[in-house]
Amino acid sequence: MAPPTDAAMQPPPMDRTAPTDLEAAVVALGCFWNVEAAFGALDGVVRTTVGYAGGQAPDPAYATLGDHAEAVRVEYAPARLRYTALLDRFWSLFDPTLTPAKRRYQPLLVPQNAEQAEQARASRADAVAQDERAERVEIVGDGNFCAAALRHQKHLLRRHDDVTAALQARLPDARALARSPAATLATGYLGGHRHPSRLADDQDRLGLPADALSTLRAAARRHGNWNAFVQAGRST
């Protein structure tokens, strides 16, 4: 099939220019919808996927997690962002005063290779030296991650019909929306994890109309969690 000739029907600019040489990290910090926004807001993150990690139960699903926790897989460009920077974001979001009421909200680091495992252990040791409650963060050695159903992907984005419609008009289907770099960044704004002043630089990359950009700006100002973690379960 030939590509559409109408520029408005092309994928968002940042989707067309997204790097392909990516690495992945998996983290868990409570409700995965908010964690997805917090990491999606970072420069160098290309896409995020919510799902489950940290357990042995087969075929985890939202209603039947077993011993898994809600987690986020973060795909990032190592030329622009290091795993240690993702660890810094993790610990800036971790709240030692919160004790998860359920296994599904257990904080986890799930290294995807030996280098990440070493860095994760070192970062936890540093965090424990500051606050011994950081010891409750588990480091899971198997690296396994299971994606959640499509309806859970980009949940915060899909609560804003105008932004979702503007992106979906440029993408072939809901699966493409879930994997869209532009949708990932927009979710970061909507969760309040990227400062609204950044839209001046991001608006051309996002390729969104003025009304959708206004929605991103208003949500970022309203939520304003640029350095704070939204507590687990607030949106569940």
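This one's a predicted model, so the numbers in the text were calculated from it and none came from an experiment.
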Using side-chain heavy atoms (C-beta onward) and a distance below 4.5 Å, is [X] in contact with [Y]?
X	Y	value
L185	R205	yes
E132	E135	no
L208	T215	no
R159	L156	yes
L167	P12	yes

Is the side chain of [X] donor-acceptor paired with the backbone N or O of [Y] at a distance under 3.5 Å, no angle test?
X	Y	answer
H160	L190	no
R136	P96	yes
T64	P60	no
R104	D67	no
T184	S180	yes
D15	A182	yes

Got a list of side-chain donor-acceptor pairs under 3.5 Å for residues 36-49, not counting sequence neighbours?
residue: E36; atom: OE1; partner: K154; partner atom: N; Å: 3.2
residue: E36; atom: OE2; partner: T48; partner atom: OG1; Å: 3.2
residue: E36; atom: OE2; partner: K154; partner atom: NZ; Å: 3.0
residue: D43; atom: OD1; partner: R194; partner atom: NH1; Å: 3.1
residue: D43; atom: OD1; partner: R194; partner atom: NH2; Å: 2.8
residue: D43; atom: OD1; partner: R198; partner atom: NH2; Å: 3.2
residue: D43; atom: OD2; partner: R198; partner atom: NH2; Å: 2.9
residue: R47; atom: NE; partner: R179; partner atom: O; Å: 2.9
residue: R47; atom: NH1; partner: E75; partner atom: OE1; Å: 3.3
residue: T48; atom: OG1; partner: K154; partner atom: NZ; Å: 3.3

Determine, using the 4.5 Å side-chain heavy-atom cutoff (strictly less than), whether [X] and [Y] are members of one ILVMFWY cluster.
X	Y	answer
Y83	V74	yes
V35	F90	yes
L108	L65	no
L93	L81	yes
V26	I139	no

Let's go through L109 and V140 carefully: what are the C-alpha distance in whole Å and the side-chain angles of both, what is the deciding distance for side chain to side chain contact (heavy atoms under 4.5 Å, CB included) to 0.1 Å, and is it a yes or a no? CA-CA 6 Å; L109 289 168; V140 179; over 6 Å; no

What's the verdict on side chain to side chain contact (heavy atoms under 4.5 Å, CB included) for T164 and L177, showing C-alpha distance, side-chain angles and the deciding distance? CA-CA 8 Å; T164 301; L177 179 70; 4.0 Å; yes

Crowding at CG, D211 (>12 non-hydrogen neighbours, <6.0 Å): yes

Other residues, nucleotides, ligands: >12 heavy atoms within 6.0 Å of R82 CZ: no

Under the side chain to side chain contact (heavy atoms under 4.5 Å, CB included) criterion, do Y76 and L22 qualify, and how do the steps go? CA-CA 5 Å; Y76 63 98; L22 304 179; over 6 Å; no

How far does SG of C146 sit from CG of D59, to the nearest 0.5 angstrom?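 Rounded to the nearest 0.5 Å, the SG-CG separation comes out at 7.0 Å.
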
Measure up the H155 and W33 rings against each other and bin them: parallel (under 30°), tilted (30 to 60°), perpendicular (over 60°).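 Ring orientation, 0 to 90° scale: parallel.
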
Can you name the nearest heavy-atom pair linking R170 to P13, along with the distance?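 Closest pair (atom of R170, atom of P13, distance): NH2-CD, 4.2 Å.
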
Consider side chain to side chain contact (heavy atoms under 4.5 Å, CB included). Of [options], which one does [X] pass it with?
X	options	result
V50	F32, F145, Y62	F32
W91	V137, D126, L29, D131	V137
L87	Q119, Q116, R124	Q119

Salt bridge check, D173 against R175: does any charged N sit closer than 4.0 Å to a carboxylate O?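 Judged by the 4.0 Å cut-off on N to carboxylate O distance, R175 and D173 do not form a salt bridge.
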
Does the pair E70/K102 count as a salt bridge with the N-to-O cut at 4.0 Å?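 Salt bridge flag = no for K102 with E70.
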
Side chain to side chain donor-acceptor pair (under 3.5 Å) evaluation trace for Y189 with D202: CA-CA 11 Å; Y189 276 109; D202 290 338; 2.5 Å; yes

Go through V128 and R133 one step at a time and tell me if the side chain to side chain contact (heavy atoms under 4.5 Å, CB included) criterion holds. CA-CA 7 Å; V128 170; R133 291 173 294 185; over 6 Å; no

